[in-house]
Amino acid sequence: MQMKLNAPQQEAVEHINGPLLILAGAGSGKTRVITHRIAYFIEQGMDPYNILAITFTNKAAGEVRERVDSMLGYGSERVWVSTFHSLCVRILRRHIDRIGYNTNYTIYDTDDQKRLIKETLLYLQMDPKMYPERLIMSEISHAKENFITPSEYDLAAQGDYRKMQIARVYTEYQIRMHNNNALDFDDLLFKTVQLFQDYPDVLEMYQERFRYIMVDEYQDTNTIQFLLVRQLARKYRNLCVVGDDDQSIYKFRGANIMNILNFEEEYPDATVIKLEQNYRSTANILNAANAVISNNEGRKDKVLWTEQEDGDKLQFKQYENEYQEAEMIAYYLLEEKIKNRRNYSDFAILYRMNAQSRVLEEKLLMKNIPYRIYGGQNFYGRMEIKDILAYMKTVANSYDDLSVKRIINVPKRGIGVSTIQKIDQYALQMNISFLDALYQVEDVPGIGKAASKVQKFTELIMDLKDDLSGSRSLAEFFDCILDRTGYQEELIAEHTEEALSRVENIDELRNKVIQYEEDAETPSLEELLEEIALISDVDSLNSSDDRVVLMTIHSAKGLEFPCVFLCGMEDGIFPGSMTINSGNTEDMEEERRLCYVGITRAKQKLYLSCSRQRMMHGSSSRNPISRFVKEIPSELIDAGGFRTALNQPVTRVDEASRVAPVFKVDPSKPPFGRTFTVNKAVTLDYGIGDTVEHVKFGQGVVTEIVNGGKDYEVTVEFDKYGTKRMFASFAKLKKLEES
DNA sequence: AATGCGATGCCTTAT
DNA sequence: GCATCGCATT
C-alpha cells in the first residue's frame with residue numbers, strides 16, 4: 001500500500017479553484033486522490049456542504065464517504081457523495097412538481113420499460129416484429145441520453161418512415177410515463193437537466209450549494225451527464241473530473257469518450273494532471289496491459305509504470321471446451337489458494353458475457369468452492385420480488401398503471417386478460433388512471449361477474465393504504481402485504497424447490513426493508529423504493545465474506561483482486577463476433593479497452609484461458625485464441641509449449657490454431673506446466689464436427705479425436721460405412737467442410 | 001380463465 | 001440453451 005501521496009497526486013489534491021482534469025491510469029490511486037482532496041478541502045475550512053462528488057456506483061460512494069470520515073473523523077456526512085442517478089432522484093424528489101410530475105413518482109427499470117413499450121406498440125397498432133422492443137428501447141434511450149425530446153426526435157425523423165414510426169412510439173411512451181407518474185433511468189437525468197434549463201432559480205440554488213464538484217470515471221459519462229455537470233459547474237467552475245480514456249467501456253449505453261478527450265477544449269483554462277504510477281499490479285501484469293492498449297489509436301498519451309517486481313508470469317491455456325476450461329480454473333484456483341495461503345475472496349473470475357457464468361458455477365459447485373455471482377439476473381429483477389414491489393409501488397403511487405396491472409391477478413383472482421383490456425379501454429376514454437377505473441368497475445361496459453372480483457382487489461389496495469398509514473414500520477406494512485395477498489402462503493403450499501427459493505427471496509427482501517429502516521434517517525416508502533430501484537449488483541459486494549467472485553469485466557471496473565482469471569479469451573467471444581464482423585475500428589478499440597480493464601484488475605496473478613470449442617446459443621462453435629492474448633508480449637506469458645504459436649504473426653497463428661492438436665486433460669491428474677505440445681509429427685487440419693473424405697470409406701463426420709502420443713486416433717462416422725476408428729497418419733483424411 | 005405445449009428467436013455489456 | 005409467445009386445450 002502506498003504510504004504518502006506522490007507529487008502529481010499531491011498537486012491534484014491541492015488544486016482548489018478552476019477546472020481540473022486528472023488523467024488517472026488504472027491503479028494509480030484515483031480514489032485516494034478523491035478522498036484526500038475532499039479531506040483537504042474540509043481541512044482548509046471549506047464547508048463540506050458545498051462539496052459534491054459523483055461516483056459510478058453506490059458502493060464507491062460509500063467507500064469515499066467512509067475514507068473521508070476515517071481521515072477527518074467528522075464532517076463527511078455533509079459531503080454529498082452519490083451516483084448520477086441518485087443525485088438526480090434526490091433533486092427531482094424536491095422539485096419535479098415544477099415540470100408537471102408528482103414528487104412521489106415511481107422509477108421504472110428496464111423490465112418495466114419493456115412492458116410499457118409493448119403496450120404502446122399494441123396501442124399504436126405497430127407490428128412488434130417490424131419494430132422490436134429492443135430496438136425501440138435503445139432508440140429512445142439514446143435520444144434521451146442526447147437530450148432529444150420526442151418532438152425534436154420527430155422533427156429530425158421527417159422523411160425517414162422508420163424513424164417517424166419510432167418517433168410515434170417515443171411520443172406515446174413519454175405520455176404514458178407521464179400519466180403513470182413514472183420515470184425511467186434515462187428520464188432521471190433528462191428531467192433534471194430539463195428542470196435546470198427551465199427553472200434557472202432552481203439551478204442556481206444547486207450551483208450555490210455545489211461549489212466544488214468532482215466527477216469520477218468521467219470517461220464513461222454520456223452527453224446528458226456532461227450537460228448536467230456543465231450546468232452545475234457553470235457558476236463557480238470548480239470542476240474536477242477524474243478518469244482514464246483507456247478505461248472507457250460504456251459506449252453502448254451512450255458514454256461519450258469525447259467528454260474526457262475534449263475536456264480541455266470545453267474548459268480551456270483547465271489544469272491537467274496525469275497519474276501514471278501504478279500501485280496495484282506487478283510489472284508483468286502492467287506491461288501486458290500496456291502492450292495491449294498500445295494497439296489503440298487516438299488516446300491520450302500516457303504510460304503506466306510501477307516500482308513493483310516483475311512478479312509471476314501471466315498464465316495462458318487453451319482448453320478443448322468450456323467445461324474443461326471451467327474445471328481447470330477451479331483446479332488452478334485451489335492450487336494457488338493452498339500454495340500461497342489465499343482466501344477465496346482473493347480470486348475473481350471475469351468473463352465477457354453473463355452467459356458464460358453457468359458452466360463456471362457448475363464446476364465451482366462440484367468442487368465445493370464458495371462463490372458469488374454478480375450481475376445478470378439481478379435479485380430485484382426476480383419475479384416474486386417485482387410482484388411484491390409492485391404492491392408497494394401501487395400504494396406509493398396510484399397512477400402507476402403498470403404496477404397495478406402487474407399485480408391485479410397475482411396471486412390468481414380470476415381476473416383475466418379480457419377484463420383487464422375492457423377496463424384499460426375505459427380508463428383511456430375517461431382519461432383516468434387504471435386504478436381509478438377499477439374503482440368504477442361497475443360503470444365499465446361488458447364486465448359481468450368479474451366486477452365483484454375487481455372490487456375485492458380494490459378493497460385490498462385500500463386496506464393496504466390504511467395499513468401503511470396505520471403501521472408503525474415499513475416492515476409491518478410489508479407483512480401486511482404478504483398476509484392480505486396470501487402471496488407467500490400460496491408459494492409455501494406449492495411445495496416445490498423453486499417455490500421455496502422464492503419464499504426465501506421474499507424473506508431476503510423483508511430483511512432489506514428492515515435494514516433500510518435501521519439505516520435511514522427518515523424512512524419512507526418512496527425512499528425505500530427508490531433505493532431499491534437504483535441499487536446495483538456490485539453495491540452489495542462484500543469482501544469480508546470469503547467467496548470467489550464471478551462477474552463480467554464491465555462489473556469489475558473499479559475493483560481489484562490479488563488473483564484474476566480472465567476466461568473465454570477467444571475471437572468471437574472477446575472480442576465478440578459482432579465487433580469482429582462489423583469491422584468497426586472504434587468498437588474493436590472499445591473491446592480492447594475492456595480487455596485492458598480486465599487485465600488491470602489483477603494485483604499479483606493473472607490467468608488467461610480460452611476454449612477451442614464452445615456451445616453458443618444451442619450450437620457448438622470453434623473459436624481461435626483472442627487477438628488480445630496475442631498482443632501480449634510472449635515473454636510475459638507462461639503458456640507451456642504453446643508459446644511458439646503465440647509468437648507467430650497474427651495471420652499465421654489463426655491458421656495454426658486450427659491445426660494445433662487436440663489435447664485432453666485427465667481431471668484426476670491435472671497437468672502442471674506443460675500442457676501443450678505443438679511439435680507433433682502429424683498435424684490435423686480438421687476437428688470434431690468437420691466433414692472429411694476417406695479414399696475408401698467416402699464422406700463422414702469426425703466425432704472424436706484422441707491424442708495418442710505420436711499420432712492421433714480419429715473416430716469418423718461415415719455416411720455409408722458406419723463408425724470407424726483410425727490413425728490420422730494412415731487415414732489421410734481430407735477436409736471437405738467445417739462444422 | 002388457466003394451463004400446457006410447441007414454435008420461435010435470440011445474446012453483449014448495465015444504472 | 002433458454003426464455004418468451006402464441007395457440008389450443010381443459
Side-chain angles (χ1 to χ4, degrees), chain A residues 54-61 82-89 107-111 113-115 118 128-129 132-135 137-138 141 144-145 183-190 217 220-222 224-225 248-255 322 350-359 374-378 380-381 383 408-421 448-450 453 530-539 551-557 568 572-582 587 590-591 593-595 597-598 614-621:
Chain A
I54 300 173
T55 58
F56 205 67
T57 61
N58 293 306
K59 180 171 182 273
S82 75
T83 64
F84 270 108
H85 291 275
S86 41
L87 167 73
C88 292
V89 165
I107 299 168
Y108 280 0
D109 66 15
T110 318
D111 189 63
Q113 234 177 316
K114 209 160 133 196
R115 284 160 178 263
K118 215 178 269 178
K129 291 220 165 60
E133 298 140 32
R134 257 189 83 73
L135 174 103
M137 275 172 66
S138 79
S141 186
K144 289 180 184 174
E145 279 155 5
L183 301 182
D184 61 30
F185 290 135
D186 300 311
D187 284 333
L188 295 174
L189 277 302
F190 190 107
E217 306 282 11
D220 279 320
T221 52
N222 59 29
I224 192 97
Q225 290 165 338
S248 173
I249 54 171
Y250 281 104
K251 190 182 165 205
F252 70 91
R253 66 175 205 210
E322 68 267 44
L350 309 181
Y351 35 79
R352 179 66 240 266
M353 359 175 228
N354 284 306
Q356 290 169 254
S357 68
R358 232 193 65 247
V359 179
Y374 294 86
Q377 176 67 298
N378 181 288
Y380 296 100
M383 182 180 80
I408 188 169
N409 201 30
V410 178
K412 303 259 178 302
R413 299 189 177 90
I415 304 171
V417 193
S418 67
T419 309
I420 293 172
Q421 270 172 356
K449 53 182 186 244
K453 293 170 180 166
E530 90 189 22
E531 196 167 293
I532 287 173
L534 293 180
I535 211 153
S536 86
D537 233 18
V538 284
D539 289 339
M551 58 171 78
T552 63
I553 306 170
H554 279 93
S555 309
K557 194 177 74 154
I573 301 276
F574 191 24
S577 52
M578 302 268 240
T579 311
I580 295 173
N581 296 333
S582 77
D587 288 353
E590 173 133 331
E591 291 280 300
R593 288 194 292 269
L594 188 59
C595 182
V597 169
R614 179 183 297 274
M615 282 293 249
M616 285 175 76
H617 8 112
S619 62
S620 154
S621 63

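When reading the values below, keep in mind they use all heavy atoms of this one structure, side chains included, and skip hydrogens, waters and symmetry mates. Here is how names work: the chains are called A, B, and so on, in the same order as the sequence lines, proteins then strands, and each is numbered from 1. Computed from a predicted model, the values in this text were never measured in an experiment.
- Aromatic ring pairs are classed by plane angle as parallel below 30°, tilted from 30° to 60° and perpendicular above 60°; the pair A/Y250 and A/F56 is tilted.
- Of the residues near DNA chain B, A/G414 and A/T552, the one whose nearest nucleotide (by heavy atom distance) lies more toward the 5' end is A/G414.
- Of the candidate nucleotides B/dT3, B/dG9, B/dT15, B/dG9 has the atom nearest to the side chain of A/K129.
- Among A/T221, A/I224, A/N222, the single residue meeting the side chain to side chain contact (heavy atoms under 4.5 Å, CB included) criterion with A/F84 is A/T221.
- Across all strands shown, A/K251 has no heavy atoms under 4.0 Å from either base or sugar-phosphate atoms.
- Note on A/G576: nothing from the nucleic acid sits closer than 4.0 angstrom, heavy atoms only.
- The side chain of A/S418 approaches B/dA1 more closely than any other nucleotide in the set B/dG9, B/dA1, B/dT15.
- Rounded to a whole Å, the CG atom of A/D220 is 12 Å from the P atom of B/dT15.
- The distance between atom CG of A/L188 and atom P of B/dA14, rounded to the nearest whole Å, is 19 Å.
- The side chain of A/K453 contributes no N or O atom lying less than 4.0 Å from OP1 or OP2 of B/dA1.
- Using a 4.0 Å heavy-atom criterion, one finds that A/S86 contacts no nucleic acid atom at all.
- One can place CZ of A/F84 at 12 Å from C1' of B/dT15, the figure rounded to the nearest angstrom.
- Using a 4.0 Å heavy-atom criterion, one finds that A/M616 contacts no nucleic acid atom at all.
- Rounded to an integer number of Å, the gap from CG of A/D186 to P of B/dA14 is 16 Å.
- Under a 3.5 Å cut-off, the side chain of A/N58 and the backbone N or O of A/D539 do not form any donor-acceptor pair.
- Contacts of A/N354 with the nucleic acid, taken as non-hydrogen atoms under 4.0 Å apart, involve only primed sugar atoms and P, OP1 or OP2.
- A heavy-atom distance below 4.5 Å is not found between the side chains of A/T55 and A/E217.
- Rounded to whole angstrom, the span from the CZ atom of A/R253 across to the C1' atom of B/dT15 amounts to 5 Å.
- Checking C/dC5, B/dA2, B/dA14 against every side-chain atom of A/K118, the shortest atom distance belongs to C/dC5.
- Where A/I415 and A/H554 each meet DNA chain B at their nearest nucleotide, the meeting point lying more 5' is that of A/I415.
- In this model, no donor atom of one side chain and acceptor atom of the other lie less than 3.5 Å apart for A/T579 and A/D587.
- Per the geometry, CG belonging to A/L594 stands 8 Å off C1' belonging to B/dT13, to the nearest Å.
- Between A/K144 atom NZ and B/dA14 atom P there is a gap of 21 Å when expressed in whole angstrom units.
- When distances are taken from the side chain of A/R358 to each of C/dC2, B/dA2, B/dT15, the shortest belongs to C/dC2.
- Proximity of A/S555 to the phosphate of B/dT13: no side-chain N or O atom is located under 4.0 Å from OP1 or OP2.
- Separating the NZ atom of A/K114 from the C1' atom of B/dG9 is a distance of 12 Å, rounded to the nearest angstrom.
- Here A/N409 lies in heavy-atom contact (under 4.0 Å) with sugar-phosphate atoms only.
- Within the 4.0 Å cut-off from OP1 or OP2 of B/dA14, not a single side-chain nitrogen or oxygen of A/T110 is found.
- Counting heavy atoms from C-beta on, the side chains of A/V359 and A/M615 never come closer than 4.5 Å.
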